[in-house]
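Quick notes on the structure that follows.
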Amino acid sequence: MKLLEGKSVVVTGGSRGIGRAIAVESARHGADVAINYYRDNDASYGKKSAVDSVVEEIEALGRRAIALEGNVADPQTGAELVDAAVQAFGKIDVLASNAGICPFHAFLDIPLDVFQRTMEVNLHGAFYVTQAAARQMKAQGHGGAIVATSSISALVGGGMQAHYTPTKAGVHSLMQSCAVSLGPYGIRCNSVMPGTIATDLNADDLSAPEKLAYMKGRIPLGRLGDPVDIANVVVFLASDMAAYVNGAALLVDGGLFVNLQ
Ligand SMILES: NC(=O)C1=CN([C@@H]2O[C@H](COP(=O)(O)OP(=O)(O)OC[C@H]3O[C@@H](n4cnc5c(N)ncnc54)[C@H](O)[C@@H]3O)[C@@H](O)[C@H]2O)C=CC1
Ligand SMILES: C[C@H](O)[C@@H]1OC(=O)[C@H](O)[C@@H]1O
C-alpha cells in the first residue's frame, strides 16, 4: 500500500542518514521529492556524492527528485527550497524538517560558535523552513503535513549535548505551536523523536566499543535504530493514515526512554 501517492515531499538534510531514508521511503510510497542538503556534494559515497546517490535511488523508483544545496540556518534557504519544489512538482504536500547537527562537546568550555551554530541550524533552521512551507501550503488551499525530526533528547539530557538537547525540545515545541496555528488551514504538524540511530551524526561518538555496547545495552530491543525505522514513521505521520494526528510527538527509540532499570 502506497501512502504518499502523487504527493510532493520536501526533505531538509536529505542527503544522508535519517533524511536520506525519509526521501527514499517517501518515493517508495509514491511521492516526488525535493531534497535540501549542505556540503554533501563531494564523492564520499563510493564514486558518487551523497546527494547524487539519493537522487539516483529515487529516480530508480520511478519518481522525480531535485536537490538544492543550502544552509537551513540561512532564512532564504527554506523559501528557495519551497520555490524550487513548486517549480518542479507544482505544489508541496509534505515537509520533513530534518536537517540537524550534533557536535558533541562538554558544557563548561563549549566554544561560542559551536553553541550558536547548533542553535541556528537545528532550531532557527527548522523555524524558517517550516514557515516557508506553511506559507506555500496555505496559499495552495488544500492543507498539508509537516513532520519535524526532534529527538529523545527533547525529553532527557546528555552531558556532551547541553547545546543540542534544547534545540530538539525547541523543535518539538515549534511543532506544537504550529499545530495550533496551522490546524485551521488543514496543515498538520507533528514531530518524530528518534532514539539512537546509526548515522554519520554519532559515528565518532559510538566508535568506542565500550560506548557502543553501553548504548545498545540500554535499548530493550537490543540494537541501534536504522534510519528507515524513523523514515517509516515519518511517512505514516505525513500520510492520510494520520489524518487526525496533529501536535503529537512519537518516540521511535526501541524502548530506550522507558528503560530506567
Ligand atoms: N542519529 C541519531 O541518533 C539521531 C538524530 N536525530 C536528528 O535527526 C536529524 C538527522 O540526523 P542524522 O541523519 O543522524 O544526521 P547525518 O549527519 O547523517 O545527516 C545530516 C543531514 O543534514 C544535512 N545538513 C547538515 N547541516 C545542514 C545545514 N546547515 N543545512 C542543511 N542541511 C544540513 C546534511 O547534508 C545531511 O543530509 C537531525 O536533526 C538530528 O538531530 C535525532 C535523534 C537521534
Ligand atoms: C547524536 C546522538 O547519538 C543521537 O542524537 C540524538 O538526538 C540522541 O541524543 C541520539 O543519541
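Atoms within each ligand, like the ligands themselves, are counted from 1 in listed order. None of these values were measured; they are calculated from a predicted model. Hydrogens, waters and symmetry mates play no part in the numbers below; they use all other heavy atoms, side chains included. Residue numbers run from 1 in the order of the sequence given.
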Do [X] and [Y] come close enough that some side-chain heavy atom pair is under 4.5 Å?
X      : Y      : result
Val54  : Val24  : yes
Pro227 : Arg20  : no
Ile92  : Gln140 : yes
Cys102 : Asn202 : no

Passing option when Ile22 is tested against Asn232, Val234, Val235, Val228 for side-chain contact (heavy atoms from CB on, under 4.5 Å):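 Filter result, single survivor: Val234.
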Those protein residues which place at least one heavy atom below 4.0 Å from ligand 2: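 Under the 4.0 Å cut-off, ligand 2 touches Cys102, Phe104, Ser151, Ser153, Gln161, Tyr164, Gly195, Thr196, Leu201, Asn202.
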Hey, is Arg64 close enough to Asp32 for a salt bridge, meaning N to O under 4.0 Å?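 A salt bridge links Arg64 with Asp32.
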Salt-bridge contact Arg117-Glu120 (side-chain N to carboxylate O under 4.0 Å):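 A salt bridge is absent here (no side-chain N lies under 4.0 Å from a carboxylate O).
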Does Leu3 share a hydrophobic cluster with Ile230, counting links as ILVMFWY side-chain heavy atoms below 4.5 Å and allowing steps through other members?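 Yes; Ile230 is reachable from Leu3 via cluster members.
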Under 4.0 Å from ligand 1, counting heavy atoms only: the protein residues, by chain and number: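 These residues qualify: Gly13, Gly14, Ser15, Arg16, Gly17, Ile18, Asn36, Tyr37, Tyr38, Asp40, Gly70, Asn71, Val72, Asn98, Ala99, Gly100, Ile101, Val121, Thr149, Ser150, Ser151, Tyr164, Lys168, Pro194, Gly195, Thr196, Ile197, Thr199, Asp200, Leu201, Asn202.
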For Lys138, look at atom NZ and say whether over 12 heavy atoms of other residues, nucleotides or ligands are found less than 6.0 Å away.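 For Lys138, atom NZ is not crowded (no more than 12 foreign heavy atoms under 6.0 Å).
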